[in-house]
Amino acid sequence: MTDTAPRLVLIDGSSYLYRAFHALPPLSNDDGEPTGALFGVVNMLRATLKENPGYVAFVVDAPGPTFRDDLYPDYKANRPPMPDELRAQVEPMMKIVGALGIPILRVPGVEADDVIGTLAVQAAGDGVDVTISTSDKDFAQLVRPDGSGAGIALINTMTGSRLDSEQAVIDKFGVRPDQIVDYLALMGDTVDNVPGVTKCGPKTAAKWLGEYGSLDGVIEHAGEIKGKIGDNLRQALERLPLNRTLVTIRTDVKLESAPSDLVLRAADTDALRALYTRYGFRQALKELGGGAAANEAQARAEAAGMRNTAAGYAKAAATADDADPALSAVGEYECVTARAQLDAWLERLQAADEFAFDCETDSLDPMRANLVGLSFAVEPGRACYLPLAHDYPGAPQQLDRADVLAALRPVMTDAGKRKLGQHGKYDLHVLRRHGIDVQGYADDTMLESFVYNATATRHDMDSLARRYLGYETVKYSDVAGKGAKAILFSQVALDDATRYAAEDADVTLRLHRVLQPKLAAEPTLEKVYREIEMPLVKVLERIEANGVKVDANELRRQSADLGKRMLAAQQKATELAGRTFNLDSPKQLGALLFDELKLPALVKTPKGQPSTNEEALEAIADQHELPRVILEYRGLAKLRSTYTDKLPEMVNPDTGRVHTSYHQAGAATGRLASSEPNLQNIPIRTDDGRRIRTAFVAPEGRKIVACDYSQIELRIMAHLSGDESLVKAFESGADIHRATAAEVFGKPIDEVSGNERRAAKAINFGLMYGMGAFGLARQLGVARGEAQDYIALYFSRYPGVRDFMERTRQQARDQGYVETVFGRRLYLEHIAARNAGLRAGAERAAINAPMQGTAADIIKRAMVDIDGWLQAHADRALMVLQVHDELVFEVEEDFVQTLIGEVSGRMARAAELRVPLIVDSGIGDNWEEAH
DNA sequence: CCTATTGCGTAC
DNA sequence: GACGTACGCAATAGGG
């Protein structure tokens, strides 16, 4: 229960500010502004936010008197005025806190302590786990056990100490939390000018309270205490009750904010960047980065939005007893080990309109994984886990796997019974390999999330649960450990396995209930999801299952050859350098080239270091022999380490083939991504590289057929822009780069030189990527002014393209997203950023996304169509690869012509554009020949 | 020891 | 700062 409850973190801002001010050296930024305390507080805040609290508040004192001043005019009278250097840091701190998205509480007439106390007690009473982040020990009085209910814990982020139980308080102070007030009253507080019993410190106070139980007990027995300290006590007797009132943190003040209002909002990254830059917080700035941190902020924003539209955390904190639990209650999940239980669940599955399922296995590779268990959810909170192959000492008896699968087969293969999953392609593989070819796979929460907002790079279940349900799932590592110590899921105890696995199905179902309506509210997105992505799941499953035949021996021969040549290059390099060094280490290489040999460092890495990349080495290749040798070595090493050594290792022993994984939610533009191994970046440019493709072969009696779209993205640019000249060029069937060169350089098409065509090609591609004159100049090796002239000339010949690009930028700015021809959306979170670099990057992405994304939509549609046709010919041809604009098939020889006709026709008809879609095909015994 | 980041390079 | 989308290798840096 504790790990399912929402969390509230209350930050005692004032205490941190003072503590950091006194603890840290008096740092300042380049402008001489003091930053020491700020630095400490910012680090503390970042550490706090890393814990992903759903609710948080930064509480500070408001100016003006409080009830304690009324009770005791000298309260805090000893306190010196705030030093100027500290005062100067208060406003910046508030700005940073605000920019981080943390609600700030500053309540007039109420001390921060009392605000925190009131919120803590209120939230804990509502079942929320509360953490008070403070360096003030007085708060120990609020610590309470978290046992079954929600507790209040103290954390001091600066020292890392944590007080989260009664025992922890006793260990630290020698008294229980409920005695802390009495303890403080006895000792007094010099900082707040509250005099206690003279000479009574922590030891004495704890001793007395241990003997007499409470302050009242101590007062009662004051006469019995001997010695000087007894006299001191008796002298202080009169003021002890007042002390107690002063040190008691109030938990009943009237506040306008309820704990559920304290939702962590999205961070304002632009503001943060500006503030961090101003105060020189480099690490914080780095973490802010362009990517991960921004996504996190986005995720937080959405999660916060979620909670606000629900009824606040009170609903999220609902317990198992609630009729409508917004969060699961661990323990309610059923572990199915008896036939009668299974039968009951089969009935539930039969009765449900749609249910969620999930497979547990012993491997992340769906082509190797063994089924260890299955989970199902029929309605939120109602889920089960069916362990099938758990095997550890003392493992309970489980139902027979074959029996269970046989019992489940009817419902799992019933196309009319809608099933849903999270990244279900994995589960489809596993079940297929265990004899169940799932039909009716209707919804996938990963794809719902991806289509709904592809900008969020993570679409895994844990992230989605956090983003859309405000819920922290049980992690795999929680039940199975991680790293080298991780155990197989089959070795996880059944109760742990149940709370993990059943939750997966449960959360999947809950996510679907949240995401489905969101998608339904956007009909074009719904269409992309329903008509492109969902049908593609089974198609990709088949392609992955087919795999591609790879001649491992051929690759091993190539590895040996590359190795010999690498060795030769290495020897030559050692000779030229006059010493040995690691050719694979950019750091060592840089030191050698730029420090020892004093060669000019013409290219810098993003971090400002001298780069040793290809461009940098090419630039100095005329000054020394070594750079050329390094380039030779690099090229060989790349091919060997990434391809010829690795691909043979990826051959599946069961099938003898290589099975890549296609990630349907891989690229924000809608493209697929391929991994393990990535078969979408097999070399083609160089001879050595292209040779690797000869190892992608067809078995005896079959051919490799490759069909690719000709210039699809440029055609889409023609379609989207409607530019007359460009459309005409494509209609005429001309070589598009040659035609562009003819336009730009103003000469007949057959007089265009090779160099002019090359320049035109660079312009065509560059424009699609939003390239500017600077980039084009670098690409072509011409002056920037010349490149600018080319671009200007291009736009004057193709004004429609220029208008299209401006329209696209404007659309991105106006609505925050751009879309493909089929309505797929890409949100651009930095399109309005104040940071010019970020904004320019977003504009380039905005220009590219409609073209790249539309191309992705088109080939996906074609794949679904082709797969539908190919199903009837599965014994004669297989679809084996997709490389963005290309589909590769393995085809029986006498079926090749039929296939090419069907495939190229279906590819060409996958979209109706203003220009024709042309498909080129090639045939060969291997992939290289098929090009 | 394991994970994250950096630098580099492959594809479309 | 300057060309969009990916994945992955080897070295290195950093946290436990």
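Chain naming here is simple, since letters A, B, ... match the order of the sequence lines and numbering starts at 1 in each.
With rounding to the nearest 0.5 Å, the separation of CG in A/Asn848 from CD in A/Glu713 is 6.5 Å.
Comparing atom distances between the A/Arg671 side chain and each of C/dG8, C/dT5, B/dA11 picks out C/dT5 as nearest. Out of C/dA10, B/dC8, C/dC3, the shortest distance to the side chain of A/Lys646 is found at C/dA10. For A/Gln852, counting side-chain heavy atoms from C-beta on, the closest listed nucleotide (B/dG7, C/dG8, C/dG4) is C/dG4. Among the nucleotides B/dC8, C/dC7, C/dT12, the one closest to the side chain of A/Ala673 is C/dC7. Listed candidates were B/dA11, C/dG4, C/dA2. Nearest to the side chain of A/Phe774 is C/dA2. Nearest to the side-chain atoms of A/Ser675 among the listed nucleotides B/dC12, C/dG8, B/dC8 stands C/dG8. Checking C/dC3, B/dG7, B/dC12 against every side-chain atom of A/His884, the shortest atom distance belongs to B/dC12. Here the side chain of A/Asn681 is nearest to one of B/dA11, C/dG4, B/dC8, namely B/dA11. The side chain of A/Gln588 sits closest to C/dT12 out of B/dT10, C/dT12, C/dC3. Here the side chain of A/Lys587 is nearest to one of C/dT12, C/dC7, C/dA6, namely C/dT12.
In summary, A/Arg809 and A/Glu806 engage in a salt bridge, as defined by a charged side-chain N under 4.0 Å from a carboxylate O. Salt bridge annotation for A/Asp688-A/Arg691: present, with a cationic side-chain nitrogen under 4.0 angstrom from a carboxylate oxygen. Between A/Glu618 and A/Arg628 there is a salt bridge, since a side-chain N of the basic residue sits under 4.0 Å from a carboxylate O of the acidic one.
Among the protein residues, A/Tyr643 comes within range of the sugar-phosphate backbone only, with heavy atoms under 4.0 Å from sugar or phosphate atoms but none that close to a base. When heavy atoms are screened at a 4.0 angstrom cut-off, A/Glu886 is found touching no nucleic acid atom at all. Residue contacts for A/Gly775: at a heavy-atom cut-off of 4.0 Å it reaches the sugar-phosphate backbone alone, with no base atom in range. Using a 4.0 Å heavy-atom distance criterion, A/Lys482 is classed as making no nucleic acid contact. Contacts of A/Ala836 with the nucleic acid, taken as non-hydrogen atoms under 4.0 Å apart, are absent. Residue contacts shown for A/Gly772 are limited to sugar-phosphate atoms, with no base heavy atom under 4.0 Å away. Counting non-hydrogen atoms under 4.0 angstrom, A/Ile684 reaches the backbone sugars and phosphates but no base. Looking at heavy-atom distances under 4.0 Å, A/Arg784 makes contact with a base. Within the nucleic acid shown, A/Arg778 has no heavy atom closer than 4.0 Å to any nucleic acid atom.
Between A/Asn678 and B/dA11 there is no side-chain polar atom (N or O) within less than 4.0 angstrom of OP1 or OP2. Using a 4.0 Å cut-off, some side-chain N or O of A/Thr612 falls inside it from OP1 or OP2 of B/dC8. Contact annotation: A/Thr642 side-chain N/O to C/dC9 OP1/OP2 distance is not under 4.0 Å. Between A/Ser611 and the phosphate of B/dG7, there is no side-chain N or O to OP1/OP2 separation shorter than 4.0 Å.
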Item to complete: Let me see the working for A/Tyr794 and A/Tyr790 under ring pair (Phe, Tyr, Trp, His ring centres under 6.0 Å), right down to the final yes or no.
Response: CA-CA 6 Å; A/Tyr794 180 96; A/Tyr790 290 162; over 10 Å; no
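Taking atom C1' in both B/dT5 and C/dC3, one finds a spacing of 23 Å when rounded to whole Å.
Donor-acceptor pairing under 3.5 Å is lacking for the side chains of A/Ser674 and A/Gln680.
Within 3.5 Å, no donor on the side chain of A/Arg634 pairs with an acceptor on the base of B/dC8, nor the reverse.
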